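Notes follow once the structure below has been shown.
Because the structure is a prediction, the values reported are computed rather than measured.
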Amino acid sequence: MSTRTFRIMVRGVFDGLTTEQRAELQAHAPEHDVLHATFTPEGHLTYDLTARAAFTFRFLDSGEAEEDSLDATERAEQSAQAWLTERGYGYKNLRSQADDLSQAPLGKRQRRAAASR
């Protein structure tokens, strides 16, 4: 059985941030800019508080079967919640989406390379 790679996005909204918390997030905003977004095992957070209070964590996980994406999604949500809770950031409306990259359609270059094999 081959290993499947899952990309999980956990989205939510900051809720009830204090002035100090907002200032702290603003101070670290450049390292959480969506232009630097990446999927990592530990999760990568992006947000833009000047636009809106929404955030996205991007996680990378793996498993053997398609059903493993459910466990990967649960781990990602728990990790995002732990990160937010450890820092005292309120949040609401968490929702997650997992994509199994083994099921993703091939791009034009990938199809061409696969056909030439």
- R95 atom CZ, over 12 foreign heavy atoms within 6.0 Å: yes
Can I get a per-line list of side-chain donor-acceptor pairs under 3.5 Å for residues 54-61, giving both atom names and the distance, sequence neighbours left out?
unit_1	atom_1	unit_2	atom_2	d
R58	NH1	T46	OG1	2.8
D61	OD1	R75	NH2	3.3
D61	OD2	R75	NE	3.0
D61	OD2	R75	NH2	2.8

- D68 side chain to A65 backbone, donor-acceptor under 3.5 Å: yes
- Tell me, do E66 and R4 make a side-chain contact under 4.5 Å, heavy atoms counted? yes
- Item | Donor-acceptor under 3.5 Å (D48 side chain, T50 main chain) | yes
- Query: So how far is it from R87 CZ to Q21 CD, rounded to the nearest 0.5 Å?
  - Reply: 11.5 Å
- At what distance, to the nearest 0.5 angstrom, does OG of S69 lie from CG of L101? 11.5 Å
- Task: State yes or no: do W83 and L94 share one hydrophobic cluster built from I, L, V, M, F, W and Y residues joined by side-chain heavy-atom distances below 4.5 Å, directly or via other members?
- Result: yes
- Note on the structure: For F39 and I8, the nearest pair of non-hydrogen atoms, with its separation, is CE2-O, 3.9 Å
- With distance as the sole test, does Y47 use its side chain to make a donor-acceptor pair with the main-chain N or O of L25 at under 3.5 Å? yes
- Task: Find the distance between NE2 (H32) and CD (Q26) and round it off to the nearest 0.5 Å.
- Result: 11.5 Å
- Contact summary for T40 and H44, nearest pair of heavy atoms: OG1-N, 3.6 Å
- Minimum heavy-atom distance between A80 and V10, given as atom pair plus value: CB-CG1, 4.0 Å
- Query: Any link between L45 and M9 through a network of hydrophobic side chains (Ile, Leu, Val, Met, Phe, Trp, Tyr) touching at under 4.5 Å?
  - Reply: no
- Task: Determine, step by step, whether Q81 and E77 satisfy the side chain to side chain donor-acceptor pair (under 3.5 Å) criterion, reporting the C-alpha distance in whole Å, the side-chain angles of both residues, the deciding distance to 0.1 Å, and the verdict.
- Result: CA-CA 6 Å; Q81 289 172 336; E77 285 181 9; 5.4 Å; no
